[in-house]
Amino acid sequence: MLDSKLVRTQLQDVADRLATRGYQLDVARIEALEAQRKTVQTRTEQLQAERNARSKSIGQAKQRGEDIAPLLADVDRMGSELEAGKVELEGIQSELDQLMLSLPNLPHESVPVGKDEDENVEVRRWGAPKTFDFEVKDHVALGEQHGWLDFETAAKLSGARFALMRGPIARLHRALAQFMLDLHTREHGYEEAYTPYLVQAPALQGTGQLPKFEEDLFKISRENEADLYLIPTAEVSLTNIVAGEILDAKQLPMKFVAHTPCFRSEAGASGRDTRGMIRQHQFDKVEMVQIVEPSQSFEALEGLTANAEKVLQLLELPYRVLALCTGDMGFGATKTYDLEVWVPSQDKYREISSCSNCGDFQARRMQARYRNPETGKPELVHTLNGSGLAVGRTLVAVLENYQQADGSIRVPAALKPYMGGIEVIG
């Protein structure tokens, strides 16, 4: 959430910066609500002062033996007006709060300005796409060749956009997740966490999925209890570890990593990536989250991105890094790098990780703070998150980049210890 004081005092500047994201801020509505709020607040404060003075005069009139009934009636009337003013003020503030919750984060000055993904800026590439001397198969054909990747049975069980993995491919999928966790905990300094897969609405509001993106979530309604939502990413549960906390500066940076399933309704994705495992309702992800001091967050973003890149480098998968433009960034991000891995069957790079600095945007929604050692006062932390990596998409990349002419798959060297030394599957 943006700083409400910043929005009030620099409204047009905020509107201009949001416009680079393609978001049109209703400046007139905010100005009208603020003017209305000030008017009602001023009237209420004046009425309260007048009521206090009138209440004081009642005691004085009573001492003089005067009839105080008219004064009492006047005080009662003012009390009713004050209560009405309070209700009106709460209504105005509620509308302002809801409007603030709907505003995306402001892009950092280093973010390239652009309308959509076509204007993202390539930062670097690693590795060269392999050339094959046979006709390349996609991951669906490779997986179905031996019955180890089964979309038909998954559809029978759950409908479209689900996958059933069996045998060596199921093991390869598990090996990838374990490899990623070991790398991030042993070499990159992350603390492993096992988090709930179901969270309540405040957690999703804290990281920015609610209220704006409720249609993308799977919701479980419960009678006489709070609704629960299946997590769309472990970013939600990991980041909310610090919700409502005031951390000691010595605790920072905090670095968490978790392997969880993720659940997304894929609302608005009709017709996109309907074949295979690229876009699923349920998929696994190894998620990295960092909680840092504000002055460290952009340096931390570079480190977080490098941590995700290391996975691809050790798997020897060609990829590129993009700096997302203003029009393609996620709701809560102030700056984002996307990692795209080479997918041979599509002859192009596809997203496999997004690494974002959210600044104090999520922290303000969660009221996550640390005590500044120089001032002794609580200040908002900065939060970052990134996939390290999306396990299913990494599996797709391994299957396709390591395929052989007969449809078998070579096991990447980094995964052999997790596969019992197996060198080829299929």
Practice task
With salt bridge (charged side-chain N to carboxylate O under 4.0 Å, His left out) as the test, would you mind laying out the steps for Glu309 and Arg124 before giving the verdict?
Solution key: CA-CA 11 Å; Glu309 288 183 71; Arg124 57 185 170 271; 2.6 Å; yes
Problem - Check: His108 side chain, Ser110 main-chain N or O, donor-acceptor pair, under 3.5 Å - result: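 Yes; at least one donor-acceptor contact below 3.5 Å.
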Practice task
Would you sort out whether Arg21 and Met329 count as a side-chain contact (heavy atoms from CB on, under 4.5 Å), showing the intermediate values?
Solution key: CA-CA 8 Å; Arg21 298 190 59 140; Met329 284 199 307; 3.9 Å; yes
Atom pair [atom1]/[atom2] of [X] and [Y] - distance to nearest 0.5 Å:
X: Glu117; Y: Cys325; atom1: CD; atom2: SG; result: 9.0 Å
X: Leu322; Y: Arg125; atom1: CG; atom2: CZ; result: 9.0 Å
X: Ser354; Y: Glu235; atom1: OG; atom2: CD; result: 10.5 Å
X: His139; Y: Ile409; atom1: NE2; atom2: CD1; result: 11.5 Å

Handout entry: Criterion side-chain contact (heavy atoms from CB on, under 4.5 Å) on Arg43 and Glu88, from CA distance to verdict
Key = CA-CA 12 Å; Arg43 187 176 74 234; Glu88 186 178 1; 3.2 Å; yes
Exercise for the section: Report the relative orientation of the aromatic rings in Phe162 and His281; use parallel for angles under 30°, tilted for 30 to 60°, perpendicular for over 60°. Expected result: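 Ring orientation of Phe162 relative to His281: tilted.
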Practice task
Check the angle between the aromatic planes of Tyr190 and His188 and answer parallel, tilted or perpendicular using the 30° and 60° thresholds.
Solution key: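 Perpendicular, since the angle between the ring planes exceeds 60°.
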Exercise for the section: Please report the C-alpha distance between Thr233 and Arg264 in whole Å, then the side-chain angles of each, then the deciding distance to 0.1 Å, and finally whether the side-chain contact (heavy atoms from CB on, under 4.5 Å) criterion is met. Expected result: CA-CA 9 Å; Thr233 164; Arg264 299 184 186 178; 3.8 Å; yes
Practice task
Take Leu18 and Leu106, measure what side-chain contact (heavy atoms from CB on, under 4.5 Å) needs, and give me the verdict at the end.
Solution key: CA-CA 6 Å; Leu18 289 178; Leu106 297 176; 3.7 Å; yes
Practice task
Compute the ring centroids of Tyr197 and Phe263, then answer whether they are less than 6.0 Å apart.
Solution key: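 No; Phe263 has its ring centre 6.0 Å or more from that of Tyr197.
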Problem - Arg29 bridged to Glu95 by N-O distance under 4.0 Å - result: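 Counted as a salt bridge, because a side-chain N and a carboxylate O are separated by less than 4.0 Å.
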Practice task
Determine the sole option in Glu144, Glu400, Gln145 for which the side chain to side chain donor-acceptor pair (under 3.5 Å) test with Lys137 is passed.
Solution key: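 In the set Glu144, Glu400, Gln145, the residue that makes a side chain to side chain donor-acceptor pair (under 3.5 Å) with Lys137 is Gln145.
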